[in-house]
Amino acid sequence: MAGELKVLTLNLRHGRGPRRGSAPWRREAFRRTTEDVVSVLRERSPDVVALQEADRHSLFTGRFNHLARIADGGGFDRTAHGTHFSARYRRFGMFYGTSILSKRPIHSVRSVRFRARPLDTKGFVVTAVEVDDGSIDVASVHLDFLAPFHRSQVRTLAETLAERGRPLVLMGDLNTTGRTGRSAVKRLMAELLLEGPIDPGRMPTFPAHRPSRKLDWILVSPELELASYEVVPDVVSDHLAVEAVIRRKQSIGVTPSSGRSS
């Protein structure tokens, strides 16, 4: 990766916006939310975006493809979608999961649904993204909001991603603050040798209007570094987005270290 790669992660909350409640017949409300997301992506101009709770033609979220609408509006011509929950009844259905939008070529897409408990609706999608000097893996991840299931989900993540053998950027809603040694974030960092920002507690992402907890993360493997890392202030969901600029250490002659600036 001879240059830099700008990435962003956001939990879309199924297009419901930042406030509670939703009405399945108000398609325009969901369209406005996706337009707000597009506006943020145009302003921030990331190369790669990881989305969670991303819907495609779901009954209760406007019955249109949120992913396609955001990709088209934001100028992302490559997409990878992992459907972690699907149900179809006649012409109605529910289809949602995690997604990756990219302005760069992608290949080797894999979607995995966690099966840590019955009716598990969480999972991840990973794809190789072509950069100037090869390719890196980018994963969009959504862990359960119940911490007891994190161990199984982290194990599935680590086993799947370690097999791919590429430098890794892992992004998503990990539903943990990372403050304890047994948190999912700490386990992922230990098992996949991932690195993150210094003092993540200073960068809360949830709830969006008055953030007090950092649930949304960007982590990178040792070959990469976070040249910048920030929480995006625009409120388009109940989570705030996180943005980072990533570069390969050896391509700029940086000595590896565990510290990261925010």
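Predicted model, so just to flag it, every value in this text is computed and none were measured.
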* N/O donor-acceptor pair under 3.5 Å between Asn175 side chain and Leu143 backbone -> yes
* So if you build clusters from Ile, Leu, Val, Met, Phe, Trp, Tyr with side-chain heavy-atom gaps below 4.5 Å, do Val125 and Leu101 land together? -> no
* Linking I/L/V/M/F/W/Y whenever their side-chain heavy atoms sit closer than 4.5 Å, directly or via other members, would Leu10 and Val232 fall into one cluster? -> yes
Output yes when [X] and [Y] qualify as a salt bridge under the 4.0 Å nitrogen-oxygen rule, no when they do not.
X	Y	answer
Arg104	Asp132	yes
Arg69	Glu35	yes
Lys249	Glu223	no

* Could you tell me whether Arg164 atom CZ has more than 12 heavy atoms of other residues or ligands within 6.0 Å of it? => yes
* Is the count of non-hydrogen atoms from other residues, nucleotides or ligands lying under 6.0 Å from Arg110 atom CZ greater than 12? -> no
* To do: Return yes if a side-chain donor-acceptor contact under 3.5 Å exists between Gln52 and Thr9, otherwise no.
  => yes
* To do: Please report the closest heavy-atom contact between Ser45 and Lys6, naming both atoms and the distance.
  => O-CD, 3.7 Å
* Considering non-hydrogen atoms only, spot the tightest contact between His81 and Tyr96 and give its length. => NE2-C, 4.2 Å
* Asked: Between Asp55 and Leu67, is a side-chain contact (heavy atoms from CB on, under 4.5 Å) present by the stated rule, with each step listed?
  -> CA-CA 7 Å; Asp55 285 47; Leu67 175 64; over 6 Å; no
